[in-house]
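Have a look at the structure below before the remarks.
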2 protein chains.
Amino acid sequence: MDDQLSRVFSALADPIRRDMVARLAVGDATVNELAEPYSVTVQAVSKHLKVLEDAGLVSRSRQAQRRPVHLEAEVFDLMTKWIERYRQEAEQRYRRLDAVLAEMAAEDPNPAQTRVPQTRVQGEAS
Amino acid sequence: MDDQLSRVFSALADPIRRDMVARLAVGDATVNELAEPYSVTVQAVSKHLKVLEDAGLVSRSRQAQRRPVHLEAEVFDLMTKWIERYRQEAEQRYRRLDAVLAEMAAEDPNPAQTRVPQTRVQGEAS
DNA sequence: ACCGAAGTCAACCCCAAGGTTGAACAAGCA
DNA sequence: TGCTTGTTCAACCTTGGGGTTGACTTCGGT
């Protein structure tokens, strides 16, 4: 895995890790506490935590022998930014397409109205 | 991969696939067009598209021999919903924690056997 | 000073993911 | 009717991810 974005997406691609994030959103927890609900060994959970940590989603402090795991929610912004960017581009594209369709329809007696069609018109690329 | 959420996250964990999504946000494209910028074979790109399609991020229609690829942006909502949910939970937790700490500082002089960590005290799960 | 609890490290197994090559399938065009 | 273009399918290779077991470190409690 190269960049952080890849690491974050990859980290959240696993249901167990997503579940851990969900639990950590409620409150910090230790490795053993996190391991309890699952039918895997605590070593496996430790590995999962390493993945989350490498992605920057989680941090581990030291408290005696315990290593409380803490959710770092800021990294989520990285994803949402990426997602929003392309979602908005896609939406703009829809609007552009609608404009084109409206213009084409302008030759009709029917005044172009916002009849946003869910049509999938493909075929114009680059 | 089990659920759709896993498939979506997993699909976007690959830089090439994210790049494809970025390009498809601008406009539909064919497999060959998508394959051009990369130093991989067109078969590999076809596989990537299958991953994106299985995740619901992309749809392919038929236009003569060509299979124009179209971005389905709605699936993004699935992710953003998931992310926002836990991000907000985490934020609420911060607020609650601040309130609790303030309350403790006001009432309890010094709870037995509890070394007060900086700002992160937790340990209840299950 | 000991023992036990909490976590990590290391070695290993298994399978899925990304890549390749080579053949097959579909559809327009000569 | 071929032939060519676009795309997928199939078989295979290699790497990495998730899982295990077993040994090791680090502390605290007594």
Please state how far atom [atom1] in [X] lies from atom [atom2] in [N], giving the value in whole angstrom units.
X	N	atom1	atom2	value
R60(A)	dT26(D)	CZ	C1'	15 Å
L34(B)	dG6(D)	CG	P	14 Å
F9(A)	dA17(C)	CZ	C1'	18 Å
D19(B)	dG18(C)	CG	P	15 Å
E53(A)	dG7(C)	CD	C1'	12 Å
D14(A)	dA16(C)	CG	C1'	13 Å
K50(B)	dT8(D)	NZ	C1'	10 Å
D2(B)	dG17(D)	CG	C1'	15 Å

Just to confirm, is there a sub-4.0 Å distance from OP1 or OP2 of [N] to any side-chain nitrogen or oxygen of [X]?
X	N	answer
S10(B)	dA17(C)	no
T41(A)	dG19(D)	no
R67(A)	dC27(D)	no
S46(A)	dT8(C)	yes
R66(B)	dA26(C)	no

Hey, what do you get for CZ (R66(B)) to OG1 (T30(B)), rounding to the nearest 0.5 Å? 7.5 Å
Of all heavy-atom pairs between D54(A) and R7(A), which one has the smallest distance, and what is that distance? O-NE, 3.2 Å
A90(A) and L71(B): which non-hydrogen atoms are nearest, and at how many Å? CB-CD2, 4.2 Å
Let's see if you can work this out: which of [options] has an atom nearest to the side-chain heavy atoms of [X]?
X	options	value
I16(B)	dT21(C), dT7(D), dG19(C)	dG19(C)
R62(B)	dG19(C), dA26(C), dG19(D)	dA26(C)
R17(B)	dT8(C), dG18(C), dG19(C)	dG18(C)
V31(B)	dA23(D), dG18(D), dT8(D)	dT8(D)
N32(A)	dA6(C), dA11(D), dG18(D)	dA6(C)

Parallel, tilted or perpendicular for F9(B) and F9(A), by the 30°/60° rule? tilted
On DNA chain C, more 5' by nearest nucleotide between P68(A) and H48(B) is P68(A)
Base dG19(C) paired with K47(B) side chain (donor-acceptor, <3.5 Å): yes
Check if the side chain of Q43(B) and the base of dG22(C) share a donor-acceptor pair of N or O atoms closer than 3.5 Å. yes
Quick one: do the R18(B) and S6(A) side chains pair a donor with an acceptor below 3.5 Å? yes
The single option from I16(A), D19(A), V31(A) passing side chain to side chain contact (heavy atoms under 4.5 Å, CB included) against H48(A): I16(A)
With DNA chain D as reference, determine whether L49(B) or A44(A) sits nearer its 5' end, using the nearest nucleotide of each. L49(B)
